[in-house]
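Structure record follows, encoded as structure tokens.
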Amino acid sequence: MKLFMDESGNGNSSQPLIVGAVELGEDADEIEGKIRDLHRRLSARSSLAGLPSFEEFRKNGFHGSTDPLEVSGPFLELMRTIFFRSYMVVTNRTDIPSATESEAIEAMYVKLLSDLSIRHRHESELLCYIEQSEGMSAIIRRLPENVAKQTHKTIGKATPLPQLKIKMVAKTDYMSTAIIDYVMAAVSRWIQADYTTNPTKWEYRAFREIEPSISVLYSIERGRISSRRDPLH
């Protein structure tokens with residue numbers, strides 16, 4: 001089982017803080033190939049040469065919050081053709097008992113990976129790829145032990161768990177990390193629009209596009225917002 005993880009809103013208090021994961025099944029390598037092929041084709045567009053966001057895309061791959069429309073549109077179309085599940089923990093920073101944002105992010109990674117370890121407790125291992133970011137190296141070293149402790153605490157007893165294998169990667173190593181990036185960008189914009197359910201609002205329509213992929217969207221302050229069993233729609 002492959003998980004691609006990232007965080008959103010870190011360092012920007014005007015945005016919700018989100019830690020997310022995308023789960024890909026046996027066709028993970030095929031999906032990675034499709035994303036790389038799209039990157040090659042879009043990178044060849046000479047009409048966008050010189051546009052800063054496009055040059056950043058050429059160099060570092062897809063990014064939900066900065067890609068120009070000529071890039072984000074085709075990537076969203078690709079996302080509609082593939083199967084994946086997304087899981088997110090979000091906070092508005094009011095109910096996280098942490099002294100620093102880094103500690104909050106670590107606690108959210110622990111919760112999300114603990115929940116996923118329980119969900120996939122019959123798997124032999126979880127391969128977890130986390131996008132490179134400042135300060136993540138120390139967190140990653142602590143995650144396997146902390147996740148195991150939290151999981152056993154939640155279950156209430158010691159039980160066999162999937163082996164958690166975590167690797168920090170760049171977007172260009174695994175372009176599939178862009179999937180959770182795009183999902184979190186849509187969720188963040190919707191939350192910043194005050195969870196609107198007005199279909200005339202673009203933020204709401206964009207959220208509805210990705211909601212079928214959401215297995216769990218959990219808020220520290222509000223509880224479960226949306227899930228596969230209990231979606232908003």
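- Pairs of residues two or more places apart, or lying in two chains, that qualify as side-chain hydrogen bond (donor to acceptor under 3.5 Å, both in side chains) and include a residue from residues 160-170 are E125-K165.
- Between F62 and K171 there is no side-chain heavy-atom pair separated by less than 4.5 Å.
- A distance of 13.5 Å separates CD1 of I130 from OH of Y174, quoted to the nearest 0.5 Å.
- With rounding to the nearest 0.5 angstrom, the CZ atom of R119 is 8.0 Å from the CZ atom of R85.
- Checked by atom type and distance alone, the side chain of H152 pairs as donor or acceptor with a backbone atom of A148 at under 3.5 Å.
- Minimum heavy-atom separation, R93 to N12: NH2-O, 3.4 Å.
- Distance alone, capped at 3.5 Å, is enough to place a donor-acceptor pair between the T151 side chain and the V147 backbone.
- A donor-acceptor contact shorter than 3.5 Å links the side chain of R36 to the backbone of T172.
- Side-chain atoms of E32 come within 3.5 Å of backbone N or O of M175 as a donor-acceptor pair.
- The shortest distance between side-chain heavy atoms of E106 and N146 falls below 4.5 Å.
- Under a 4.0 Å N-O distance rule, the pair D37/K34 does not qualify as a salt bridge.
- Residue L17 comes nearest to G9 through the heavy atom pair CD1-C, 4.0 Å, listed as atom of the first residue, atom of the second, then distance.
- Residues Y204 and N198 fail the side-chain proximity criterion, which asks for heavy atoms closer than 4.5 Å.
- Residues forming a side-chain contact (heavy atoms from CB on, under 4.5 Å) with R58 (at least two apart in sequence, or on another chain): S43, A49, F54, E55.
- Side-chain contact check for M108 versus L112: every heavy-atom pair is 4.5 Å or farther apart.
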Give every donor-acceptor pair under 3.5 Å between a side-chain atom in residues 70-84 and any protein atom, sequence neighbours left out.
unit_1	atom_1	unit_2	atom_2	d
S72	OG	P68	O	3.4
E77	OE1	R80	NH1	3.4
E77	OE2	R80	NH1	2.5
R80	NE	E209	OE1	2.8
R80	NH2	E209	OE1	3.4
T81	OG1	L78	O	2.7

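- Considering CD1 of I225 and CZ of F207, their distance stands at 7.5 Å, rounded to 0.5 Å.
- Side-chain contact between I179 and I35 is present, with heavy atoms from C-beta onward closer than 4.5 Å.
- Checking side-chain atoms of R205 against main-chain N and O of T200 turns up a donor-acceptor pair under 3.5 Å.
- Counting only distance, with no hydrogens or angles, the side chain of H39 and the backbone of F57 share a donor-acceptor pair below 3.5 Å.
- Residues I214 and S226 approach most closely at CG2-O, 4.2 Å, considering heavy atoms.
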